[in-house]
Amino acid sequence: MPELPEVEVTRLSFANRIAGARIEAVRLGKPLRWPLGVLPAALQGAVVQQVRRRGKYLLLDLDRGLLLIHLGMSGSLAYAGALPPPGPHDHFELATSRGLLRLHDPRRFGAVVWAASEADPVARKLLGHLGVEPLGDGFDPLAFWQALRARRSAIKQVLLAGDIVVGVGNIYASEALFAAGIQPTLSASSLSQARAERLHGAIRSVLARALEQGGSTLRDFSSAEGKTGHFQLEAMVYDRAGQPCRACGATIQTLRQGQRSTYFCPDCQTF
DNA sequence: AGGGTGACCTGTCGGC
DNA sequence: TGCCGACAGGTCACCC
């Protein structure tokens with residue numbers, strides 16, 4: 001479910017409410033990804049100071065260390081004063097002085113990892129290679145083009161790799177490439193400066209619009225306060241194979257890149 | 001180092 | 001109805 005917009009929507013939906021909460025108990029379900037050490041008993045009694053986001057990771061800053069939460073493919077958080085009894089896919093829960101924070105993740109590709117700090121090797125392994133934040137000041141058009149020039153893979157796969165720019169997943173990669181008029185199979189290194197700058201703008205505008213719409217809810221995504229997203233209703237290409245392009249009427253096509261589906265318009269994406 | 005592949009998991013859907 | 005393969009919002013370890 002979660003690309004940058006969904007993760008950010010999730011963050012915004014509980015960050016203010018959980019700030020200052022003291023962790024009173026931890027409940028674990030089945031193991032998630034990267035069981036990097038057992039969550040330390042020190043978690044108990046720790047106070048959540050703020051919630052940040054880096055790429056698709058949520059970072060809960062505690063008064064001792066930080067908790068990295070990744071939603072994987074199927075994860076979502078819920079945060080409320082009370083929640084229904086945990087189900088078979090609820091694999092992590094914090095009981096705090098201000099309510100319950102629960103991770104629901106059927107496929108268990110998500111992760112909850114504690115690190116002493118961001119300099120901790122555990123945190124660096126997960127965050128250290130990440131590219132720039134697409135909605136931040138560090139996402140520069142010229143630097144983006146120069147980074148792309150060094151990569152011979154297909155532009156779609158370079159976007160997904162996340163080491164140049166973070167947060168763009170399978171939905172928004174297809175959408176941004178459509179908005180920029182670029183064929184997903186084009187080698188990243190062959191983008192002109194003008195096209196790279198257009199893609200830079202497209203990534204920003206697509207992610208910002210998705211954020212405004214509360215993210216995309218394809219199956220079961222919802223924010224920590226239970227709200228679903230609506231961006232999927234205005235997707236131009238994602239999950240629209242065989243349907244007419246909303247811009248030109250041509251039939252939306254699909255192909256596989258790195259075992260992921262890519263959607264594109266053969267008439268609008270010609271560069 | 002960049003690039004390609006398989007692996008991790010569970011649920012759902014379409015076809016036979 | 002039942003079974004079986006393909007596919008689903010991500011990312012890492014592992015090869016060359």
Side-chain angles (χ1 to χ4, degrees), chain A residues 1-11 29-36 53-58 68-77 87-92 103-113 121-131 134 146-176 185-190 206-207 210-211 213-223 228-235 237-242 254-263:
Chain A
M1 67 175 10
E3 303 182 33
L4 185 149
E6 291 75 31
V7 177
E8 182 66 5
V9 163
T10 298
R11 187 185 76 82
K30 287 177 161 183
L32 294 158
R33 197 165 179 192
W34 313 317
L36 298 178
R53 180 189 54 74
R54 177 73 178 101
K56 298 172 190 167
Y57 288 89
L58 288 168
L68 291 81
I69 299 179
H70 198 291
L71 301 179
M73 288 279 263
S74 58
S76 60
L77 288 178
H89 301 308
D90 296 326
H91 301 303
F92 177 79
L103 173 63
H104 175 83
D105 186 4
R107 292 180 73 180
R108 289 191 284 126
F109 290 167
V112 180
V113 174
V122 169
R124 296 191 54 167
K125 183 174 126 186
L126 300 179
L127 306 177
H129 59 95
L130 297 181
Q146 289 171 336
L148 293 180
R149 283 206 298 176
R151 303 288 286 270
R152 270 173 289 177
S153 301
I155 181 62
K156 159 86 174 338
Q157 298 193 253
V158 171
L159 292 179
L160 287 186
D163 50 352
I164 293 178
V165 59
V166 294
V168 181
N170 209 38
I171 297 175
Y172 302 114
S174 283
E175 293 296 314
T185 51
L186 183 69
S187 167
S189 61
S190 62
V206 165
L207 293 179
L211 194 47
Q213 292 302 300
S216 295
T217 297
L218 299 187
R219 305 184 149 65
D220 55 2
F221 169 73
S222 62
S223 73
T228 58
H230 303 287
F231 183 83
Q232 74 281 1
L233 300 175
E234 59 188 69
V237 290
Y238 185 81
D239 207 20
R240 299 197 63 244
T254 184
L255 57 84
R256 301 286 292 176
Q257 292 179 284
Q259 309 175 41
R260 316 293 305 276
S261 291
T262 299
Y263 300 86

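A note on names: the letters A, B, ... follow the listed sequences, proteins ahead of strands, and every chain is numbered from 1.
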In whole angstrom, give me the gap between the [atom1] atoms of [N] and [M].
N: C/dC12; M: B/dG11; atom1: C1'; value: 23 Å
N: C/dC3; M: B/dC9; atom1: P; value: 24 Å
N: B/dT5; M: C/dC7; atom1: P; value: 15 Å
N: B/dG6; M: C/dA6; atom1: P; value: 13 Å

Any idea which of B/dT10, C/dG10, C/dA13 is nearest the A/Arg108 side chain?
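Of the candidates, B/dT10 comes closest.
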Closest to the A/Tyr238 side chain, choosing from B/dG3, C/dG9, C/dA8:
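Selected nucleotide: C/dG9.
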Taking atom [atom2] of [N] as reference, at what distance in whole Å does atom [atom1] of [X] sit?
X: A/Arg260; N: C/dG9; atom1: CZ; atom2: P; value: 5 Å
X: A/His129; N: C/dG10; atom1: NE2; atom2: C1'; value: 11 Å
X: A/His70; N: C/dC12; atom1: NE2; atom2: C1'; value: 11 Å
X: A/Met73; N: C/dC12; atom1: CE; atom2: C1'; value: 14 Å
X: A/His104; N: C/dG9; atom1: NE2; atom2: C1'; value: 14 Å
X: A/Glu175; N: C/dG9; atom1: CD; atom2: P; value: 12 Å
X: A/Gln257; N: C/dA8; atom1: CD; atom2: P; value: 13 Å
X: A/Leu160; N: C/dG10; atom1: CG; atom2: P; value: 7 Å

CA sep, side-chain torsions, deciding dist, call: A/Arg256, A/Thr262, side chain to side chain donor-acceptor pair (under 3.5 Å):
CA-CA 6 Å; A/Arg256 301 286 292 176; A/Thr262 299; over 6 Å; no
N/O contacts under 3.5 Å, protein versus nucleotides 11-14 of chain B?
{"unit_1": "B/dG11", "atom_1": "OP1", "unit_2": "A/His89", "atom_2": "NE2", "d": "2.8"}

Filtered N/O pairs between nucleotides 14-16 of chain C and protein, under 3.5 Å:
none

Value rounded to 0.5 Å, distance of NE2 in A/His129 from CG in A/Asp163
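Rounded to the nearest 0.5 Å, the NE2-CG separation comes to 8.5 Å.
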If you round to the nearest 0.5 Å, how far is OG of A/Ser74 from CG of A/Leu218?
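Answer for the CG-OG pair, A/Leu218 versus A/Ser74, is 12.5 Å.
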Identify all stems in which DNA chain C takes part, counting only runs of at least 3 consecutive pairs (Watson-Crick or G-U wobble, each distance under 3.5 Å), and give each as one range with another, ordered by first number.
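Expected stems, ordered by start: B:2-8 with C:10-16, B:10-16 with C:2-8.
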Where do [X] and [Y] come nearest, in terms of heavy atoms and distance?
X: A/Glu8; Y: A/Arg53; value: OE1-NE, 2.7 Å
X: A/Asp105; Y: A/Leu71; value: OD2-O, 4.1 Å
X: A/Ser76; Y: A/Ser222; value: CB-O, 3.9 Å
X: A/Ala173; Y: A/Lys156; value: CB-CD, 3.7 Å
X: A/Glu175; Y: A/Phe231; value: CG-CE2, 4.2 Å

Test side-chain contact (heavy atoms from CB on, under 4.5 Å) applied to A/Tyr172 and A/Leu159, step by step:
CA-CA 9 Å; A/Tyr172 302 114; A/Leu159 292 179; over 6 Å; no
Nearest-nucleotide 5' precedence on DNA chain B, A/Gln259 against A/Phe109:
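The residue mapped nearer the 5' terminus is A/Gln259.
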Sugar-phosphate only, base, or nothing, as touched by A/Phe231 at under 4.0 Å among non-hydrogen atoms:
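Since no nucleic acid heavy atom lies under 4.0 Å of A/Phe231, the category is nothing.
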Under 4.5 Å between any side-chain heavy atoms of A/Val166 and A/Lys56, yes or no?
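Contact flag for A/Val166/A/Lys56 side chains = no.
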